[in-house]
Amino acid sequence: MKLDTSGLESTAPLVGARHIILDGLQMTPSFDLPNTCNFDGFQKEAIQMVKPAKGTTTLAFIFKHGVMVAADSRASMGGYISSQSVKKIIEINPYMLGTMAGGAADCQFWHRNLGIKCRLHELANKRRISVTGASKLLANILYSYRGMGLSVGTMIAGWDETGPGLYYVDSEGGRLKGMRFSVGSGSPYAYGVLDNGFVSIFVVFLLIAGNALYRYDMTVEEAAELARRSIYHATFRDAASGGVASVYHVGPDGWKKLSGDDVGELHFEYYPVVPATVEHEMVEVGAA
C-alpha cells in the first residue's frame with residue numbers, strides 16, 4: 001500500500017527574486033582564522049590584551065569567636081577609578097559571606113547563583129549547607145567554565161555545625177582551606193599587617209604599630225581593629241584600593257557588619273597631625 005503524499009507537496013512556483021531576509025538566514029556565518037600555529041596561545045593572549053586591569057583588597061581570618069571579613073570599596077579599570085562605593089562583601093545566606101575580587105559582574109553573578117543553590121539545598125535537606133559544601137559547589141561551577149574568560153578570586157567564610165570555616169576559590173576551579181587569606185592587588189600589604197599581628201595561633205606577641213597584643217583568642221573588637229588596620233594600610237600603598245573599609249564578623253548567630261570607615265579618615269585616626277612648633281620667629285628690625 002502506497003501513501004499518496006502529493007497533497008503535502010507545494011506546487012506553487014517561486015515567482016520573483018528571493019527575499020533578502022531569507023538569504024541572510026540561510027547563509028552560513030564565516031570569518032577568517034588568525035594566521036598562527038598555536039591558536040590556543042593566540043586566544044589566551046587576545047583575552048589578556050583586552051582584559052582591563054583590576055584592583056582590590058579583601059581579607060578574612062579565623063579566630064576564637066568566628067571569622068572576621070574585611071574589604072575596601074574601590075572599583076578600578078587600569079588607571080580609571082570607576083566607583084568608590086562597591087559592596088565587595090556579599091551575603092550568601094545569614095551565616096555565610098563571600099568576598100569579591102576580580103571582575104565585578106562575574107563575582108556578583110556567581111555569588112547570587114551560589115546563594116540560590118544554598119537555599120535550594122536547605123529546602124531539600126532541611127538543614128543549612130556547610131561552608132565546605134558551598135565552597136566546593138562554587139569551585140565545581142567555576143571549573144566547568146575555566147578558560148572562558150571568567151575573573152573570580154573569592155573567599156567563602158561562614159559558620160556551620162562544625163564551627164567557623166574559610167575557603168579561597170578562584171575562576172580556574174582552585175579551592176584552598178586556610179586560617180587567613182587576602183585576595184587582590186593590595187593583598188601583599190594586607191598580608192604584611194596580618195602576618196605581623198597574627199603570626200601564629202599559639203604565639204602571643206606585641207604588634208608595634210597598634211601597641212596591643214593580638215592572638216588567636218583575641219576579642220571581637222581586637223580582631224575587627226586588626227582587619228580594619230590591614231585594609232587601611234593596603235589602601236594607603238595600593239592605588240587600586242580605597243574608599244571605605246568594611247568589616248564583618250561571622251559568629252554562631254550569623255554575620256554582622258561591625259563598621260564601615262572611610263580610609264581617608266582612618267589615616268588621620270592612626271597618624272594624627274601634630275602641629276609643628278616654631279623654634280625661631282623672624283622679626284623685622286627697624287632702621288636705626
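Note: hydrogens, waters and symmetry copies are ignored here, and every other heavy atom, side chains too, is used. Since we're looking at a predicted model, the values are computed, not measured.
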Arg119 side chain to Ile116 backbone, donor-acceptor under 3.5 Å:
no

Which pairs count as side chain to side chain donor-acceptor pair (under 3.5 Å) when at least one residue sits in residues 164-173, sequence neighbours excluded?
Thr132-Tyr167

To the nearest 0.5 Å, tell me how far Met155 CE sits from Ser135 OG.
13.0 Å

Could you check whether any side-chain N or O of Asp238 sits under 3.5 Å from a backbone N or O of Ala234, counting only pairs where one atom can act as donor and the other as acceptor?
no

For Asn38 against Gly41, the heavy-atom pair lying closest together
OD1-N, 3.1 Å

Going by side-chain hydrogen bond (donor to acceptor under 3.5 Å, both in side chains), name the residues that satisfy it together with Ser187, two or more places apart in sequence or in a different chain.
none

Using a 3.5 Å distance criterion without hydrogens, assess whether the side chain of Asp106 forms a donor-acceptor pair with backbone atoms of Leu150.
no

Around atom OH of Tyr143, are there more than 12 heavy atoms from other residues, nucleotides or ligands closer than 6.0 Å?
no

Salt bridge (charged side-chain N to carboxylate O under 4.0 Å, His left out) with Lys87: which residues, sequence neighbours excluded?
Glu91

To the nearest 0.5 Å, tell me how far Tyr191 OH sits from Leu59 CG.
9.0 Å

Under the side-chain contact (heavy atoms from CB on, under 4.5 Å) criterion, do Phe236 and Tyr271 qualify, and how do the steps go?
CA-CA 12 Å; Phe236 185 76; Tyr271 303 100; over 6 Å; no

Among all residues two or more places apart in sequence or in another chain, which pass the side chain to side chain contact (heavy atoms under 4.5 Å, CB included) test with His111?
Ile90, Ile92, Cys107, Thr154, Ile156

Once you round to the nearest 0.5 Å, how far does CG of Leu123 lie from NE2 of His121?
10.5 Å

Separation between CE of Met96 and CZ of Arg128, rounded to the nearest 0.5 Å:
8.0 Å

Nearest heavy atoms of Ile129 and Ala134, plus distance in Å
CD1-N, 3.7 Å

Heavy-atom closest pair, residues Ala227 and Phe61
CB-CE2, 4.0 Å

If Ile, Leu, Val, Met, Phe, Trp and Tyr residues are connected whenever their side-chain heavy atoms lie under 4.5 Å apart, and connections chain through other members, are Val169 and Leu114 in the same group?
yes

Minimum side-chain heavy-atom gap Leu138-Lys117 below 4.5 Å
no

Side chain to side chain contact (heavy atoms under 4.5 Å, CB included) partners of Asp261, counting only residues at least two apart:
Arg228, Ser259, Leu266

Any side-chain heavy atom of Leu166 within less than 4.5 Å of one from Val131?
no

Can you give the donor-acceptor pairs under 3.5 Å from side chains of residues 66-76 to other protein atoms, not counting sequence neighbours?
residue	atom	partner	partner atom	Å
Asp72	OD1	Thr56	OG1	3.1
Asp72	OD1	Thr57	N	3.0
Asp72	OD1	Lys88	NZ	3.0
Asp72	OD2	Arg74	N	3.3
Asp72	OD2	Lys88	NZ	3.3
Asp72	OD2	Gly242	N	3.1
Ser73	OG	Gln84	O	2.8
Ser73	OG	Val244	N	2.7
Arg74	NE	Gln84	OE1	2.8
Arg74	NH1	Ala239	O	2.7
Arg74	NH1	Ser241	O	3.4

Could you measure the distance from the CG atom of Asp253 to the CH2 atom of Trp159? Nearest 0.5 Å is fine.
9.0 Å

Is the ring pair Tyr270/His233 parallel, tilted or perpendicular, if the boundaries are 30 and 60 degrees?
parallel

Does any N or O in the side chain of Trp255 come within less than 3.5 Å of the main-chain N or O of Asn93, such that one atom is a donor and the other an acceptor?
yes

Are the side chain of Ser151 and the backbone N or O of Gly102 linked by a donor-acceptor pair below 3.5 Å?
no

CD1 of Ile62 to NZ of Lys177: how many Å apart, nearest 0.5 Å?
7.5 Å

Which label fits Phe63 and His65: parallel for a plane angle under 30°, tilted from 30 to 60°, or perpendicular past 60°?
perpendicular

Linked, directly or transitively: Ile231 and Leu226 (ILVMFWY side chains, under 4.5 Å)
yes

Between the side chain of Thr99 and the main-chain N/O of Ile89, is any donor-acceptor distance below 3.5 Å?
no

